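Working notes for the structure below.
Lettering follows sequence order; numbering is per chain, from 1. Just the heavy atoms: all of them, side chains too, but no hydrogens, waters or symmetry mates, feed the values below. Not measured: the values here are computed from a predicted model.
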Number of protein chains: 2
Amino acid sequence: MEGTAPKVRAQPSARSLVEAAYGSIRHDILAGVLAPGEKLRVEMLKDRYAVGASTLREALTRLVGESLVTSEEQRGFRVAPVSLTDFRDISATRTFIELEALRQSLTHGDDIWEAQLVATYHRMSKVEARYAEDPDAVGDEYELRNREFHRALVSACPSRWLLNFQATLMQQSERYRRLALAIAPIDRDVRAEHKAIFDAVLEHDIDKACEMDRVHIERTLEVLCSVLASGTGMPK
Amino acid sequence: MEGTAPKVRAQPSARSLVEAAYGSIRHDILAGVLAPGEKLRVEMLKDRYAVGASTLREALTRLVGESLVTSEEQRGFRVAPVSLTDFRDISATRTFIELEALRQSLTHGDDIWEAQLVATYHRMSKVEARYAEDPDAVGDEYELRNREFHRALVSACPSRWLLNFQATLMQQSERYRRLALAIAPIDRDVRAEHKAIFDAVLEHDIDKACEMDRVHIERTLEVLCSVLASGTGMPK
DNA sequence: GTCAACTTGAATTTCGAGATTTTATGAATT
DNA sequence: AATTCATAAAATCTCGAAATTCAAGTTGAC
């Protein structure tokens, strides 16, 4: 009986069942396995993730706090809906917040931070190269490295709150990107955009780095919107 | 059908026990009844709020999402700690976000929004007057009206995410203010500051309104910091 | 005396059945 | 045909006991 291990154990770093279930469900929402707007019935998910009802509710409640799940009293949980309006709002707000966080990060970042960034960029670069060869062979590692790179960029920002909000918006953005990617392969040189940001940072050119990041977010918005508007039934 | 009403029913709008407990605990944290850093033992709170363990955990998890409670795996929950550094961060980030939200709100606000704002200001003004006479007689109503006024100011901002973040920071700020108020009565003309913002908005002077709001937040930071630094053992 | 392993008590975490509420179905009335 | 109402089915919500984990104190070997 090789298939009987609970699925939630796929989260290796989890120190409790709640956290394991939380991680698994979050992954499935970001990856599009659980579709936007889909009803999340407790009895259904109990079997799928192999945990009790209360444990599941707690995991879902945690996801409500990240706006990946919505809950209506006495009516249960749903995967948070998506819309082009929402994605535009996310992109605009992310630009506003991330550029400020980046500015502060570049102002405060020391040598140790810069070394961390170089290492993180290198790791992402490797995966990007493999991804260019065969997009399917990379799996979730591309997402992981991408997250790490963007976090490393702003990590020297001293404001915990800005970083908190930035991470939230980044996660929301990731979901839209992966939803679009599931529809159509996207013709776009993301590596060049990442490199442009990275180079500007190493040159300590703050304004240029911010501008490159702004363009990066803007491009993402434009490209994904056209795919999402035509290829999916995503509401306006 | 029962005759004995649980304490959590003090939250009248609650449609479930989770929400009722959530509201009660949030109130107690904001009011300082539950002190910063205090351990939140499930068995203890079960009696106090008269709900089951799972229900309580769900309510606490919801508060973790608002950064009013912290949780460490296998080590339970605590009231989120406070520090002057955190309050400075909250104030700075709030200034950054709220001013942008206010700017957008003033740009998009129509006559209906303006009428709502006038009504809300009027209600707050009444409570402020009573508060000036006898601070103790007002209770939580002052907090409610204050929240409503500040929300009304930005409510025409079309960005759901900016509003979301603004509300979070506003709530954090409220906790620090009430913690300080519990120590010493604060000598400061808040009514004048509110009126300055309100008047600038009615004049449709966006820059002035933002500047008045900026000053409002700045004053709050300065006054509260001096009280909190001297009157409490709040860490730096 | 020091350190590791064991014991004990307390707190957290987890589960699943039962209570409550919503939703679906269909008969009865206008 | 549309609406209302009763009933049944399904889903959510709630609870408290049981399992698990942590923290502290104790014993025993070296």
If you apply the rule side-chain hydrogen bond (donor to acceptor under 3.5 Å, both in side chains), what do you find for A:Glu73 with B:Ser16, and how did you get there?
CA-CA 7 Å; A:Glu73 299 292 323; B:Ser16 68; 2.6 Å; yes
Would you mind reading off the distance between [X] atom [atom1] and [N] atom [atom2], rounded to a whole angstrom?
X       : N      : atom1 : atom2 : result
B:Leu56 : D:dC13 : CG    : P     : 17 Å
B:Arg15 : C:dT22 : CZ    : C1'   : 10 Å
A:Glu58 : D:dC15 : CD    : P     : 15 Å
A:Tyr49 : C:dC15 : OH    : P     : 15 Å
A:Phe77 : D:dC13 : CZ    : P     : 6 Å
B:Glu19 : D:dT14 : CD    : P     : 10 Å
B:Leu60 : C:dA11 : CG    : C1'   : 14 Å

Ignoring hydrogens and angles, are the base of C:dC15 and the side chain of B:Ser54 linked by a donor-acceptor pair under 3.5 Å?
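Yes, a donor-acceptor pair under 3.5 Å.
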Record whether the side chain of B:Thr55 comes under 3.5 Å of the base of D:dC15 through a donor-acceptor pair of N or O atoms.
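Check fails, no donor-acceptor contact within cut-off.
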Candidates C:dT12, D:dT12, D:dT14 - which lies nearest the side chain of A:Glu43:
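Selected nucleotide (nearest to the side chain): D:dT12.
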Residue A:Leu17, side-chain atoms from C-beta onward, closest of C:dC15, D:dC22, D:dT14:
C:dC15
Over all strands shown, is A:Leu40 touching base, sugar-phosphate only, or nothing at heavy-atom distances under 4.0 angstrom?
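Here A:Leu40 touches the backbone only, sparing every base.
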Under 4.0 Å, counting only non-hydrogen atoms across every strand here, what does A:Glu73 touch: a base, just sugar-phosphate, or nothing?
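Result for A:Glu73 = sugar-phosphate.
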Does [N] have OP1 or OP2 sitting under 4.0 Å from an N or O in the side chain of [X]?
X       : N      : answer
A:Arg57 : D:dC13 : yes
A:Arg41 : C:dT22 : no
A:Lys39 : D:dT12 : yes
B:Arg75 : C:dT13 : no

Do you see a donor-acceptor pair shorter than 3.5 Å between the side chains of [X] and [Y]?
X        : Y        : value
B:Thr93  : A:Ser159 : yes
B:Asn146 : B:Tyr131 : no
B:Ser173 : B:Arg94  : yes

Aromatic ring pairing B:Phe149/B:His194, orientation class (parallel under 30°, perpendicular over 60°, tilted between)
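Perpendicular: the ring planes of B:Phe149 and B:His194 meet at over 60°.
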Most 5' of A:Lys46 and B:Val42 on DNA chain C, judged by nearest nucleotide
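Nearest-nucleotide comparison on DNA chain C picks B:Val42.
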Whichever of B:Ala53 and A:Gln74 has its nearest DNA chain D nucleotide further upstream toward 5':
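Here A:Gln74 is the residue nearer the 5' end.
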